[in-house]
Amino acid sequence: MIDSLMDKIVSLCKRRGFIFQGSEIYGGLANTWDYGPYGVELKNNLKKAWWKACVYERNDIFGMDTAILMNPKVWQASGHAENFFDLKSDCKICKKRFKTLDLKNKGICPECAGELTESRPFNLMFKTHQGPVEDASNTIYMRPETAQGIFVNFLNILDSKHPKLPFGLAQIGKSSRNEITPGNFTFRTREFEQMEIEYFCRPLDSDKIYASWVEERFNWYLNLGVKKENLRKREHAKDELAHYAKACTDLEYNFPFGWSELEGIANRADFDLKQHTKFSGKELVYFDDQKKEKFYPYIIEPSGGVDRTVLAVLVDAYYEEMVKEDMRVVLKLNKELAPTKVAVLPLLRNRPEIVELAKKIAQDLKKSIITAYDDTGAIGKLYRRQDEVGTLYCVTVDVQTLEDKQVTVRSRDTMAQERISVDKLKEYLTKQLD
Ligand code: ATP
């Protein structure tokens, strides 16, 4: 049977240590995933790239990191307590649960053809209890989005940073949703990471700013190396908009399982600040010094998923290429995202002088470049391993190196090899990786 692209990605992730099934030795916990050594680097590089573009390279956006557990009133104000649900139907025979929206035949179980219950609302927030007493007064929720942590700090930011409109607050953090039908590997899980910006602006400017964020975020994915033909914008129809939103555009990626959302950019108008004002009794308004008037800013929210983007870049970067008689699998991740930039490999692992020199070169590179050292196989195998995890350059130390003090540098994408002198190596690689 020919494996689908998705199967190949899942298998590569496990084989090479990007992503593992959660709690695997206990039979797993459905739809939980653990990031391994390469996965965590890829994920961190992605988050760094986002933070660089959205915080460091701008003067108008500041970072935050807010608590996952929040006062339950937050979810009343945000509407999550009342509106954040999916309709579900349960099978009376096999007891499986389905999202009503996904059902082709509303009353019949797609798995065993048993009768389904009437569809009922199912709140997607995970409930828990704060403190040792488990009663209703101690019920709290795992946040289903990071955004609310930003809204409730609006006054703290005004008082501490004194920003002028328009300005934004950015946050990367975990969110949880008790999804009825998680799946497609890490695409839809119950615990995931979000990268969110809440961008505050004057109501009159909001349409223009919303449109410019859609472009800005689309281009960010292109700069990450995502192929243009695999990325599209999808504007929500009026009847599809969330109750608070004035406009919303999804950025979608062409996953092997179809076009699906990577990020949503919404014009949330003044809904959030007004709601939190109403529920907290604190006035979440902006004071215009010149006009001497206060008002509720509008909020533009670009909200993306870390895990979904990691999956998209993995799919996008996956290539199978015939090299002579052999097939090589290579991840052509861009240089910002590649977990390891350089690998130093001794050609002969039974020659101590070669091994020693290779280790020394690797150690020296490690000070400024993410470098791996590997001597656990023949060179062909070592190259293949590095190609599969997207390492940009392999540096090989051979017998000749001992005499001419030069190493072979092999490029991941072209497989072209160059001899570079050891004392120029760091400079050469730094330039390539710049
Ligand atoms: P969907 O329609 O796919 O359920 P959503 O529109 O509910 O997503 P948002 O509430 O806009 O998603 O959340 C912003 C981003 O957070 C999404 O674009 C996605 O990247 C990410 N995200 C949301 N839910 C999940 C999930 N269950 N698993 C992984 N990522 C998620």
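Every heavy atom of this structure was used, including side-chain atoms; hydrogens, water molecules and symmetry mates were not. For ligands, and for the atoms within them, numbers begin at 1 and follow the listed sequence.
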- prompt: Is a salt bridge present between Lys88 and Asp86, judged by a nitrogen-to-oxygen distance below 4.0 Å?
  reply: no
Interatomic spacing from CD in Gln171 to OG1 in Thr66 - rounded to 0.5 Å: 3.5 Å
- prompt: Any salt bridge between Arg232 and Asp250, counting N to O under 4.0 Å?
  reply: no
field: Under 4.0 Å from ligand 1 - residues by heavy atom, chain and number
entry: Arg177, Glu179, Phe187, Arg188, Thr189, Phe192, Gln194, Glu261, Leu262, Glu263, Gly264, Ser303, Gly304, Gly305, Arg308
query: Does the pair Lys335/Asp413 count as a salt bridge with the N-to-O cut at 4.0 Å?
result: no
- prompt: Parallel, tilted or perpendicular: which describes the rings of Phe295 and Tyr286, with under 30° parallel and over 60° perpendicular?
  reply: perpendicular
- prompt: Are Glu215 and Lys233 close enough for a salt bridge, meaning some N to O gap below 4.0 Å?
  reply: yes
